[in-house]
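Please read the structure below before turning to the comments.
Below, chains carry the letters A, B, ... as their sequence lines are ordered, and counting in each starts from 1. Model, not experiment: these values are computed from the prediction.
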Number of protein chains: 2
Amino acid sequence: MNLKELSRRLGLSMTTVSRALNGYSDVSPRTRERVVSMARELGYAPNATARRLSSGRSETIGFVPQSLAAYYGNPYFADLLAGIGETLHAANFDLVLACVPEGEAPLDVCRKLVEGRRVDGLILDRTFTADPRVEYLAGRGFPFATLGRDRQAARHAFVDLDGERALEMATMRLLELGHREIAFIAADPRFNFVRERLAGYRRALARAGIVPRRELLRHDGFGEEAGARAARALMRLRPRPTALLCIEDLTAIGAMRALRGLGLRPGREVSVIGYNDIPLARVAEPPLSTIRMPIRDAGRRLAAMVLALLDGADPGELQEIWEPELILRESDGPPPDPAAAAEGAARIPLSAPPAAGRRGPRRPP
Amino acid sequence: MNLKELSRRLGLSMTTVSRALNGYSDVSPRTRERVVSMARELGYAPNATARRLSSGRSETIGFVPQSLAAYYGNPYFADLLAGIGETLHAANFDLVLACVPEGEAPLDVCRKLVEGRRVDGLILDRTFTADPRVEYLAGRGFPFATLGRDRQAARHAFVDLDGERALEMATMRLLELGHREIAFIAADPRFNFVRERLAGYRRALARAGIVPRRELLRHDGFGEEAGARAARALMRLRPRPTALLCIEDLTAIGAMRALRGLGLRPGREVSVIGYNDIPLARVAEPPLSTIRMPIRDAGRRLAAMVLALLDGADPGELQEIWEPELILRESDGPPPDPAAAAEGAARIPLSAPPAAGRRGPRRPP
DNA sequence: TTGTAAGCGTTATCAC
DNA sequence: GTGATAACGCTTACAA
């Protein structure tokens, strides 16, 4: 059953039927009613492909993850997609999920989608500071929105949590608790959000007059395993860090596991703070202090932004930096020996551990 | 740049250019080369929508999850999509992810996709025993494959782990360790996989001459929270179960957490076995014994099956039941008091706890 | 308010 | 080997 057949049966032209069905005003109520009820009766559904070709719109938005691998084992992916999907669904748009296969560049996937006119707009996540996907799309003026900023952010729509501020808050919290040896388990610094968070960490420390030793910063990656590995390495340092900031909750949960394995209680001997507030964070042991990221809402906004772009909105008006919220649970607390930490640790120089007796008191063995 | 313009520049007809580009044999090598190089030079990419309309194929496969909500917090979703996506990508098909909004039926989403001819085939997951999506699609002879069986499974392609066998193995393992009070934290029994696993549990128990008390079976749902809740309730039972089978790993991880909260060590006082072998299972505390589900491979197979269906394959030839593998880690072990468990517990009747002194010895308080 | 007809950019069917 | 030309099923000027 197609439009031609339906109009034939109604004794009307395709034009009139099409307009009746699409809610145009210049069709008589009686005709519309006849058309609609006959369409339902005959089970008519318009052919989306034909509509798309004719209208020049694909009614489809693509999502091109930086790497799906980054989401393996990561529970918040479904929530992001749900937010995007429900918004697109309401607008009768399809969501194409582009899975970038190992060894292929996300840029090539973007290209395929854009040049084949398979999508009207795109959503990107986990932007690199210099992101080839962004350069390409912004260069072409193609409608897109990103989760996270990058160096071209001024030119496109985005939603981002203020990661710099977030890590500043988390670091300040630890400083206020008396920590001085604060480590950061980060990830690949090509990710812009890694840099931002790092900047917040450094800023808070700098304000406290602390330059963190190089060894306190690690770029291990996402996921539990990476967090555990990093934590174990950090615990071998002397002086030993009394607090661990983690790039993501899974990292933090892995780190806490490693700590427990070493007989160190997270939140007591060593504080840990995560990022994202995944469902697991609330029920971790101990419940993880973290930064709340309303990922579902972010998905909704991203989809809405792309839709707005298609309606001619200005990308400059579609840039949102959300204020972070620090969720304090039980994985952070004062360092075990605040006096020693405050006195000794803060003056450790940037690179090598101090030569014996050269400066400052050493920690008790 | 479109086909017409490209052919004009080449001084060839659209027909020839189209055939040269699509690898037809009846075009001279010289012409093909000219066409291909000119196309690249001018950055020609065919309009997918036009191709789709003309060829009658949408080159798109849809994935309609039973409920995306079931995947919130569930880490294996990305892996499933990766498997589907990489296979489709290789075939130059798009993957449309249909997010079923709360309050809407997955069936309606299927309808929209099928009747609007937006997809050539579908993939479904978490089938109900009586699944409206399946009834609808099978009834129309639409190409689709499911992750999991249902009562119409004979009529369509599917991949499934043999859940009945899996739970039989898990239950037998516990019986061999000496457990007799074995609880099952299940989920909504409309899911066919819940029924299958339940059947395996019952079969193994029956073979050991055990009819489980009704209270030992719970239908709490997925996720950590549900698992924790169920475990706490089960631990209030007398006699107390010495082992917990869980419908999914997250459930099991939640259950283990609750046990620890009650001062019970998983793998010692109470054994726990999960299902799926998500990455978290390996690093849980203690490492979780579970059933391995190669979800990525399942995604790959499902996509390949739908593609095969489009090439005319017979659904009856595309039905795979995979043999489960029990992964033994540290969350299972003998019951704390095997003698008492073996003697007393097995004879508890099905429904109510025994009236005092009516039959069998009671457990020591 | 309704109808005619020209696209949309391909692929497919024929002739030549 | 190559080229007209007709679909594909819809939307949308424009005409009536």
Side-chain angles (χ1 to χ4, degrees), chain A residues 1-36 38-39 42-60 92-94 112-120 310, chain B residues 1-36 38-39 42-60 92-94 112-120 310:
Chain A
M1 178 55 51
N2 56 26
L3 192 62
K4 187 191 269 176
E5 175 66 12
L6 177 61
S7 10
R8 201 186 55 72
R9 298 236 202 164
L10 282 160
L12 290 168
S13 72
M14 286 167 58
T15 314
T16 304
V17 176
S18 170
R19 279 188 300 217
L21 257 16
N22 290 313
Y24 280 63
S25 57
D26 57 354
V27 68
S28 84
R30 242 192 96 253
T31 307
R32 160 162 297 127
E33 197 174 335
R34 267 187 68 216
V35 169
V36 168
M38 176 71 84
L42 297 178
Y44 169 76
N47 181 313
T49 307
R51 197 226 312 282
R52 289 166 185 182
L53 179 60
S54 181
S55 67
R57 284 168 274 116
S58 69
E59 304 171 327
T60 301
N92 202 31
F93 269 65
D94 283 345
K112 188 178 89 171
L113 259 21
V114 171
E115 288 164 18
R117 275 138 294 184
R118 296 154 104 110
V119 296
D120 294 331
L310 297 181
Chain B
M1 177 55 53
N2 57 23
L3 194 63
K4 186 189 270 177
E5 175 67 10
L6 177 62
S7 11
R8 201 186 55 73
R9 298 237 203 164
L10 281 159
L12 289 168
S13 72
M14 286 166 57
T15 313
T16 303
V17 175
S18 172
R19 278 188 300 215
L21 257 16
N22 290 313
Y24 280 63
S25 56
D26 57 352
V27 66
S28 84
R30 241 192 97 252
T31 306
R32 161 162 298 129
E33 198 174 335
R34 268 186 68 218
V35 170
V36 169
M38 176 72 83
L42 298 178
Y44 168 75
N47 180 313
T49 306
R51 197 228 305 289
R52 289 167 184 180
L53 179 60
S54 183
S55 68
R57 282 168 276 118
S58 70
E59 304 170 327
T60 301
N92 203 30
F93 270 65
D94 282 344
K112 189 178 90 170
L113 259 21
V114 170
E115 286 162 19
R117 272 138 298 186
R118 296 154 103 110
V119 296
D120 294 330
L310 297 182

Contacts of Ser7(B) meeting side chain to side chain donor-acceptor pair (under 3.5 Å) (sequence neighbours excluded), chain-then-number -> none
side-chain contact (heavy atoms from CB on, under 4.5 Å) filter on Ser55(B), not counting sequence neighbours, yields Arg57(B)
Quiz item: Taking the side chain from Arg52(A) and the backbone from Arg118(A), do they hold a donor-acceptor pair closer than 3.5 Å?
Solution: no
Contacts of Leu53(B) meeting side-chain contact (heavy atoms from CB on, under 4.5 Å) (sequence neighbours excluded), chain-then-number -> Thr49(A), Ala50(A), Leu53(A)
Separation of dA15(D) atom P from Asp26(A) atom CG, nearest Å, is 16 Å
Original post:
Taking Asp94(B) for the side chain and Thr60(B) for the main chain, is one N or O donor matched with an acceptor at less than 3.5 Å?
Top reply: no
Leu12(A) atom CG is separated from dA16(D) atom P, nearest whole Å, by 20 Å
| task | Ignoring backbone atoms, test whether Ser13(A) places a side-chain nitrogen or oxygen under 4.0 Å from the OP1 or OP2 oxygen of dT4(C). | result | no
Taken to the nearest whole Å, CD/Glu33(B) to P/dG1(D) is 15 Å
Subject >> Check: Asn2(B) side chain, Lys4(B) main-chain N or O, donor-acceptor pair, under 3.5 Å >> reply: yes
Residue pairs meeting salt bridge (Lys or Arg N to Asp or Glu O under 4.0 Å), one or both in residues 9-28 of chain B, sequence neighbours left out, come to Glu5(B)-Arg9(B), Arg19(B)-Asp26(B)
Bend of the helix from dT1(C)-dA16(D) to dC16(C)-dG1(D) from end-axis comparison, five pairs per end, nearest 10°, comes to 40°
Letter by letter from the 5' end, nucleotides 5-11 of chain C scores (B base, S sugar-phosphate only, - none; protein heavy atoms under 4.0 Å) B-BBBBB
| field | Close side-chain approach of Met38(A) to Val17(A), heavy-atom, < 4.5 Å | value | no
When rounded to whole Å, the CG to P distance for the pair Leu21(A) and dT2(C) reads 14 Å
